[in-house]
Asks: 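Structure below; questions to follow.
Each chain gets a letter, A, B and so on, in the order the sequences are listed, and its residues count up from 1. As a basis for the values below, the full set of heavy atoms in this structure was taken, side chains included, without hydrogen atoms, waters or symmetry mates.
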Amino acid sequence: MNMFKRFFLSRNTIISLIISALFAITLAAFIPQGFLASSDTMLAWQAAHPFLERCSKLLGLHHIYTHPLFSMILAGVTVSLALSAWNQCLAAWRRTFHPDDGIAGGERFVVPGTMKDSWLILAANGYLRQGTSNGSMRLVRHPWGYWGNTLLHVGIVVTIGASLFIALTQQRGIIQLAEGAVHNPSDPMLMEEHGFLVKPLVLPDTIRLDRVTYSFWPSNGIRQIESQLSFLSDTGTIETKNVEINSILHHRGIRFYQGVEFGHAFFVEVTGQNGLNRIFQLQIQHPEAPDRPSYNDFQDLLGDGYLVRAKYLVDAEKKSFRHVNPLLTLRLDKQGKELGQIPLRVGEEGAIGPYSFRLKAVTPWSRLIIVDLTGMPGIFLGFFIICLGGLLHYFTPPRELSLHATTGGDTAVCWRAAKFSGFYQDELASLKTALGYEEIHG
Amino acid sequence: MDNQVAIYVALNWLAVFCYVGATIANVGGVMFRKEVVEQRSYWPAWLGLTAHSVAIAYWWSIVGHGPYMAPSEVLSSDAWITMVVFFIFLRFFPRIKAASVIVFPVTFLMIALANFYNPGIRALPPTFGSVWLVLHIAFYKIALGTLVIALAFSVFYLLKNRRAALAWMERLPDLAGIDLYAYRFTGFGFIFWAIGMLAGSIWAYKSWGRFWGWDPVETWSLITWLLFGTYLHLRRFFRLNGNRAAWLFILCFIMSLVSLFVTSHMGSSIHAEYFK
């Protein structure tokens, strides 16, 4: 056990762990990570860096954060921090409640008056009495400063622990619904991810998006988005709740966040070859300005190598977002060649190549982020402990002082700052003045 | 609107001129050992800070959000906080006074640079309306201000430790003292950086349910924090000091500038919103 502790508390281990974590994260910042980069980005990177790509595949550099080596580094950091925090906790306890006799390496000087006189002056300057032994009185200013480093390290341990717990147990998903649309618990989500220790997220109820409302700043930036949701339970009850950005909706232990993505969904009836007659829903992100369209491509909509490219303006006259009169333009490509395009308003129809399109309806859609996780209070607690520890460690290092009566009836003082002594020389000078040191040597 | 922009720009330029005056008087006073001149250099600095504060408050009242959206707002508030942080620390640690020869010019350079950007009104994205965002940004700015003071002492160390040290360097604390101040203020910066990073993660959780997303700015911020952690541990456990510590700090400082100003331009980051 002692060898284990010695290993994790050795300065070489600590610095190696920090540098290893630093190196791994820096590497991950330069090499695209599988869970972050799109497949297009990944392919482009692979084409541009064939040698690095071979190395990445061999060493698993495209998934550094889930690599066993990174897990080992993280575990090592956590163990080292935890052991260090424990040792520091013991040291802080000893310094606070069972301090050593005398003060080693402090600055010594003699002041006139009795120990009690000096004590009263020191008490007025924030020094607290810690005890008396062998005729010497020990005082300390900011004794809580002994706990700063302990708390700082405990806070980091708590934060890492809570983060790991969340990473292993979280469930999250994203859905995009058009007004009036329903998402059943068994329906696939737009995106789903979950920790190693849990199953994929399953919604407890069917969700219906009743209404999307949004407002804009005068500069056309989005100001707020709000979705009204109805939760339809198996028992037939309906609960209606609202969610907006920065106002989370809680439903049966699951948190719903309003995403910043929203726009219009176009219901287009397509008639074409092989007796195709179907209504497709084309969701396109809201444009950034009334005079600029927004775009989306739909690769697998029609099959047979056809690519449907869509763009739309909220207001066909390009004047304002307040006037919703959408103009959808559809373009059909095949093998990189444009076959034609048609502008459509609600009720209008047109044909491109073998297909005819009819815009039947338009309605807003919005994105909802659904999260089920526990452990955030651990992050908050870690945050609070780190702040407290950092403030105590860096802003209130303890200043220790001992008083001892001299044979001449004066008082011998020994002072030192537990850390960064050179930083508190001005404080020592003013303390000497307060204790009357200048008068003796004046 | 044009009048409002003109007033804001004029106030900013007034602050720049005051800071330039303060810098010339301060650097001259320190280098030529004119204590009265050095002392009085604080008058234009305070005047500049007053004009600067009025400019920020005035623009805040016009745009309706804090100074963290447009590049001009970001740089101006960075300059303001750097100056304020210096004055606050100076109140508690008078021996850091000499750091003014770096802090004053850094301040005026930042606000002057801010003036070259168009101070247009940027709409606040809806996720930016959280108090945690304000704390997140404020603590990063405070960390920058603190690190500028540490930079000053690291530079002082390198200058004073040369064979032919400049004469005015004699007025600075001894080498051990300078080294200690650099170490100490890096510690302050490290803790403010950590608080800023954690406040950001809480803001992200409140806004979109994810407290850490490996966004480029988040990642580089963590790398910078770990680099500062390495610096602090090397100093504590391996007694790293002197020139090597000063150079390592300068590397960390450059990294912090990259994290704060360069990575924000990465298009895939939520932070790109605030530096577009």
Asks: Checking heavy atoms, do the side chain of A:R255, its backbone, both or neither come under 4.5 Å from chain B?
Replies: side chain
Asks: Check whether more than 12 heavy atoms from other residues, nucleotides or ligands sit under 6.0 Å from atom CZ of A:F384, and answer yes or no.
Replies: no
Asks: For A:F30, which atoms come within 4.5 Å of any heavy atom of chain B: side chain, backbone, both, or neither?
Replies: side chain
Asks: For the candidates B:F237, B:F190, B:F92, which exhibits the highest count of non-hydrogen atom pairs separated by less than 4.5 Å from chain A?
Replies: B:F237
Asks: With only heavy atoms counted, which part of B:F89 is less than 4.5 Å from chain A, the side chain, the backbone, both or neither?
Replies: side chain
Asks: Go through A:M376, A:Q258, A:Q224 and name the one with the most non-hydrogen pairs under 4.5 angstrom from chain B.
Replies: A:M376
Asks: Indicate the ring-plane relationship of B:Y181 and A:F423, choosing parallel, tilted or perpendicular according to the 30° and 60° boundaries.
Replies: tilted
Asks: Among A:C387, A:G389, A:G221, which residue has the highest count of heavy-atom pairs closer than 4.5 Å to chain B?
Replies: A:C387
Asks: Show the nearest heavy-atom pair for residues B:F211 and A:S163, with the distance to one decimal.
Replies: CE1-OG, 3.7 Å
Asks: Using heavy-atom distances under 4.5 Å, tell me whether A:S219 contacts chain B through its side chain, its backbone, both, or neither.
Replies: side chain
Asks: Under 4.5 Å heavy-atom distance to chain B, tell me which part of A:Y424 shows up: side chain, backbone, both or neither.
Replies: side chain
Asks: Which region of A:I245, side chain (C-beta onward) or backbone (N, CA, C, O), has a non-hydrogen atom less than 4.5 Å from a non-hydrogen atom of chain B, or is it both or neither?
Replies: side chain
Asks: Counting distance only, does the side-chain N/O of B:R95 pair as donor-acceptor with the main-chain N or O of A:Q425 below 3.5 Å?
Replies: no
Asks: Given B:Y205 and A:L373, is the side-chain contact (heavy atoms from CB on, under 4.5 Å) satisfied, shown in steps?
Replies: CA-CA 11 Å; B:Y205 176 69; A:L373 61 81; 4.0 Å; yes
Asks: Working to the nearest 0.5 Å, report the span between OH of A:Y394 and CZ of B:F188.
Replies: 9.0 Å
Asks: Can you give me the closest heavy-atom contact between B:I223 and A:A29, atom names plus distance?
Replies: CD1-CB, 4.1 Å
Asks: With a 4.5 angstrom heavy-atom cut-off, is it the side chain or the backbone of B:Y183 that approaches chain A, or both, or neither?
Replies: side chain
Asks: Name the option with the most non-hydrogen atom pairs under 4.5 Å to chain A; the candidates are B:T219, B:I195, B:L227.
Replies: B:I195
Asks: With a 4.5 angstrom heavy-atom cut-off, which part of B:W212 approaches chain A: side chain, backbone, both or neither?
Replies: neither
Asks: A:L22 versus chain B, heavy atoms under 4.5 Å apart: side chain, backbone, both or neither?
Replies: both
Asks: List the atom of B:S207, the atom of A:N246, and the distance in Å for their closest heavy-atom pair.
Replies: OG-OD1, 2.9 Å
Asks: Roughly how far, to the nearest 0.5 Å, is the CD1 atom of B:I202 from the CZ atom of A:F380?
Replies: 4.5 Å
Asks: Side chain, backbone, both or neither: which part of B:P94 has a heavy atom under 4.5 Å from chain A?
Replies: both
Asks: Taking the six-membered ring for Trp, are A:Y65 and B:W214 parallel (under 30°), tilted (30 to 60°) or perpendicular (over 60°)?
Replies: parallel
Asks: With chain B, which of A:I166, A:T159, A:I370, A:L152 has the greatest number of heavy-atom pairs at distances under 4.5 Å?
Replies: A:I166
Asks: Is B:I191 in contact with chain A via its backbone, its side chain, both, or neither, using a 4.5 Å heavy-atom distance?
Replies: side chain
Asks: In terms of relative ring orientation, are B:F192 and A:F395 parallel, tilted or perpendicular, with 30° and 60° separating the classes?
Replies: tilted
Asks: Do you know which of B:R236, B:K206, B:R184 has the most heavy-atom pairs with chain A at a distance under 4.5 angstrom?
Replies: B:R184
Asks: Can you name the closest pair of heavy atoms from A:I18 and B:L226 and give their distance?
Replies: CG2-O, 3.9 Å
Asks: Between the main-chain N or O of B:F93 and the side-chain N or O of A:D426, is there a donor-acceptor pair closer than 3.5 Å?
Replies: no
Asks: Please determine whether the number of non-hydrogen atoms from other residues, nucleotides or ligands lying under 6.0 Å from atom CZ of A:F23 exceeds 12.
Replies: no
Asks: For B:L232, which atoms come within 4.5 Å of any heavy atom of chain A: side chain, backbone, both, or neither?
Replies: side chain
Asks: With chain B, which of A:N12, A:I19, A:I14, A:I15 has the greatest number of heavy-atom pairs at distances under 4.5 Å?
Replies: A:I15
